[in-house]
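First up is the structure itself, then whatever we jot down about it.
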Amino acid sequence: MPLPESSRRELGDGFQICPLPIGLWQLSGGHGLIDNEAATEALFGYLDDGYTTLDMADHYGPAEDVYGEFRRRLRQRRGEAAVETIQAMTKWCPSPGPMTREVVAEAVGISLQRMDVSCLDVLQFHWWDYDDARFLDALAHLADLQSEGLIRHLALTNFDTGNLARIVNAGIRVISNQVQYSLVDRRPEREQLALCREHDIRFLTYGTLCGGLLCEEYLDCEEPGPSQLETNSKKKYKRMIDAWGGWGIFQRLLNALANVARRYELDIANVATRAILDQTQVAGVIIGCRLGLSEHRTANARVFDFNLDSDDWQLLDEATQGHNDLLASIGDCGDEYRS
Ligand SMILES: NC(=O)c1ccc[n+]([C@@H]2O[C@H](COP(=O)([O-])OP(=O)(O)OC[C@H]3O[C@@H](n4cnc5c(N)ncnc54)[C@H](OP(=O)(O)O)[C@@H]3O)[C@@H](O)[C@H]2O)c1
């Protein structure tokens with residue numbers, strides 16, 4: 001079953017995306033042996049089912065190259081018009097250092113080359129250290145490159161609210177901030193949402209399925225130890241679940257999700273995804289794909305087959321009562337990468 005055409009959303013400034021972008025972090029290692037050839041070919045099946053948008057980064061292993069190869073094959077097999085239907089959102093996560101025009105232009109040039117495009121659809125910028133204000137220099141140069149036609153839209157990832165405000169106040173237009181956002185981690189609603197609403201900045205979310213833990217497989221399952229978690233993602237999100245309140249409350253959430261899912265003859269992942277897709281300012285829920293190894297695109301397309309009502313939300317809210325405050329223990333969006 002394909003994603004309905006009506007499900008497409010605006011990320012910002014008229015730029016339309018598929019609401020469930022394909023996440024390519026899983027290509028970077030620690031998620032089983034993913035073959036680039038199989039991954040490239042698997043993207044055709046996703047495209048045929050309406051998954052036209054991909055999320056990647058300069059440091060996601062071969063992700064940008066796989067995308068470039070996919071574009072070349074798509075053009076060869078189906079022509080230029082088919083290539084026009086896909087959107088790629090990449091990231092630049094520079095190591096600390098001077099942010100001169102040359103440094104910034106070189107990084108953009110590398111992504112352009114790897115992805116085989118003349119203009120990056122969306123460049124999401126990441127910065128490690130807010131005490132180093134050179135992120136504002138980098139963004140100013142990126143905005144120049146945007147005006148020269150090398151970048152269509154500027155965006156961010158993992159910025160906290162205070163530093164997002166500094167960027168906005170510097171007059172730099174960003175259309176989105178990619179953040180961790182799930183029924184376990186609802187920090188984006190706490191401080192950042194108000195600023196995003198005011199400045200028409202959307203959220204792209206990750207971690208919405210906790211790397212595959214917020215899914216049927218873990219319902220009523222004994223708490224797994226680190227060696228039983230087979231991907232880096234699951235190990236990472238298990239630590240987040242522990243900080244949030246632990247396996248007991250997580251099982252309560254899974255059971256509530258299962259109860260809601262059964263009402264609509266869907267599965268837990270559908271409800272967990274839809275719950276976040278319905279939140280204010282959320283333009284898309286990025287779902288990680290182990291291309292060529294596992295595949296959930298037909299199941300995930302069912303996320304538009306239902307609507308959550310107030311009874312559903314009551315069940316979900318009751319199940320998560322008493323969780324720990326991640327904003328207090330970890331900090332705002334993205335602070336887990338900086339503490
Ligand atoms: N900006 C950042 O700092 C950042 C950080 C992390 C991720 N991301 C982006 O977000 C993307 C998503 O990654 P994530 O970490 O957020 O992982 P995720 O989307 O929460 O989890 C992905 C995993 O969920 C499982 N899954 C998907 N649909 C399912 C379904 N219907 N039923 C059961 N299981 C299902 C799959 O597991 P199996 O493969 O085992 O079947 C898949 O590998 C990444 O690829 C990346 O593009 C960005």
Side-chain angles (χ1 to χ4, degrees), residues 1 17 20-34 39 42 46 51 53-61 63-64 66-67 88-93 122-128 155-160 176-185 188 203-219 221 224 228-241 254 257-258 261 266-277 284-303 305 333-338:
M1 192 216 323
I17 59 166
L20 303 180
I22 302 166
L24 295 188
W25 182 51
Q26 281 67 13
L27 265 59
S28 66
H31 292 83
L33 200 59
I34 299 182
Y46 279 86
Y51 291 82
T53 311
L54 296 91
D55 178 73
M56 61 201 79
D58 58 339
H59 65 289
Y60 286 6
E64 289 188 336
V66 165
Y67 176 72
M89 311 182 294
T90 194
K91 307 183 192 80
W92 182 37
C93 309
V122 180
L123 181 62
Q124 306 164 99
F125 178 72
H126 173 95
W127 191 250
W128 294 106
L156 302 171
T157 181
N158 291 316
F159 267 80
D160 69 6
S176 58
N177 190 20
Q178 187 181 132
V179 293
Q180 181 169 289
Y181 197 171
S182 69
L183 288 171
V184 168
D185 181 2
F203 291 124
L204 278 171
T205 79
Y206 66 83
T208 307
L209 296 181
C210 294
L213 293 171
L214 206 45
C215 296
E216 297 288 337
E217 186 187 343
Y218 289 90
L219 177 65
C221 168
Q228 293 165 293
L229 297 169
E230 72 279 15
T231 65
N232 285 354
S233 288
K234 285 184 180 171
K235 290 183 174 63
K236 173 179 117 170
Y237 293 114
K238 173 63 167 56
R239 289 193 293 274
M240 194 56 66
I241 289 164
L254 281 174
L257 284 164
L266 295 168
D267 69 21
I268 287 176
N270 294 134
V271 181
T273 304
R274 184 61 188 260
I276 300 304
L277 263 180
V285 168
I286 304 168
I287 298 190
C289 297
R290 297 197 297 147
L291 294 173
L293 283 190
S294 75
E295 197 282 288
H296 301 281
R297 68 176 191 269
T298 304
N300 287 338
R302 298 199 63 202
V303 75
D305 283 4
C333 300
D335 282 356
E336 58 273 31
Y337 292 106
R338 297 181 179 83

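Note that the structure is a prediction, hence the values are computed from the model and not measured. Position 1 is the first residue of the sequence, and the numbers go up from there. Start at 1 and go down the list; that is how both ligands and their atoms are numbered.
- With rounding to the nearest 0.5 angstrom, the CG atom of L229 is 6.0 Å from the CG atom of L213.
- Using a 4.0 Å cut-off to heavy atoms of C215, the atoms of ligand 1 that qualify are 33 (C), 34 (N), 35 (C).
- Here C210 has backbone heavy atoms under 4.0 Å from ligand 1, and that is the only part of it that gets that close.
- Within the 4.5 Å cutoff, the side chain of Y206 has heavy atoms near those of the N158 side chain.
- In this structure, K236 is part of the shell of residues with a heavy atom less than 4.0 angstrom from ligand 1.
- Considering CG of L214 and OG of S182, their distance stands at 6.5 Å, rounded to 0.5 Å.
- On a distance-only criterion, K91 and ligand 1 share no N/O pair closer than 3.5 Å.
- From the protein, the heavy atom lying nearest to atom 11 (C) of ligand 1 is I286 CG2, 3.4 Å.
- Note that OH of Y237 is 9.5 Å distant from CG of D185, once rounded to the nearest 0.5 Å.
- The ligand atoms of ligand 1 that sit less than 4.0 angstrom from a heavy atom of D55 are 9 (C), 46 (C), 47 (O).
- Side-chain contact between W92 and D58 is present, with at least one heavy-atom pair separated by less than 4.5 Å.
- The contact set between ligand 1 and I287, taken as ligand atoms under 4.0 Å from a residue heavy atom, comprises 12 (C), 19 (O), 27 (C).
- For ligand 1, the atoms closer than 4.0 angstrom to any heavy atom of R290 are 38 (P), 39 (O), 40 (O), 43 (O).
- For ligand 1 and Y337, the ligand atoms under 4.0 Å from any heavy atom of the residue are 3 (O), 5 (C).
- Residues L123 and T90 are in side-chain contact: their nearest non-hydrogen atoms beyond the backbone lie under 4.5 Å apart.
- For N300, every heavy-atom contact with ligand 1 shorter than 4.0 Å involves the side chain, none the backbone.
- Going from atom CZ of F203 over to atom CD of Q178 covers 12.0 Å, rounded to the nearest 0.5 Å.
- There is a side-chain donor-acceptor pair under 3.5 Å between K234 and Y218.
- Distance CG/L54 to CD1/I17: 11.0 Å, rounded to 0.5 Å.
- Nearest non-hydrogen protein atom to atom 25 (C) of ligand 1 is G212 CA, 3.7 Å.
- Scanning the protein for heavy atoms near atom 13 (O) of ligand 1, the closest one is Q26 NE2, 3.4 Å.
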Could you list the donor-acceptor pairs under 3.5 angstrom formed between side-chain atoms of residues 287-296 and any protein atom two or more places apart in sequence or on another chain?
| residue | atom | partner | partner atom | Å |
| --- | --- | --- | --- | --- |
| R290 | NH1 | H31 | O | 3.0 |
| E295 | OE2 | R297 | N | 2.4 |

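- Close contacts between ligand 1 and A269 involve ligand atoms 30 (C), 31 (N), 32 (N) [criterion: under 4.0 Å to a heavy atom].
- Nearest protein heavy-atom neighbour of atom 14 (P) of ligand 1: Y237 OH, 3.5 Å.
- Under 4.0 Å from ligand 1, the heavy atoms of T157 that appear belong solely to its side chain.
- Checked by distance only, ligand 1 and S294 come closer than 3.5 Å through their nitrogen or oxygen atoms.
- Atom 20 (O) of ligand 1 has as its closest protein heavy atom G211 N, 2.8 Å.
- In L24, the part holding a heavy atom less than 4.0 Å from any atom of ligand 1 is the backbone.
- If you number the atoms of ligand 1 from 1 as listed, the ones under 4.0 Å from a heavy atom of W25 come out as 44 (C), 45 (O), 46 (C), 47 (O).
- Looking only at heavy atoms of the protein, atom 48 (C) of ligand 1 is closest to Q178 OE1, 2.9 Å.
- Of the protein's heavy atoms, N158 ND2, 2.7 Å lies nearest to atom 3 (O) of ligand 1.
- Partners of N270 by side-chain hydrogen bond (donor to acceptor under 3.5 Å, both in side chains), not counting sequence neighbours: none found.
- Per-residue contacts place G23 under 4.0 angstrom from the following atoms of ligand 1 (heavy atoms of the residue considered): 11 (C), 44 (C), 45 (O), 47 (O).
- Considering every non-hydrogen atom in both A155 and V122, the closest pair reads CB-CG1, 3.8 Å.
- At a heavy-atom cutoff of 4.0 Å, ligand 1 is contacted by no atom of H126, backbone or side chain.
- Y51 is listed as a side-chain neighbour of N300, based on a closest heavy-atom distance under 4.5 Å.
- Of all protein heavy atoms, the one closest to atom 16 (O) of ligand 1 is G207 N, 2.4 Å.
- How far CG of L266 is from CG of D305: 6.0 Å, rounded to the nearest 0.5 Å.
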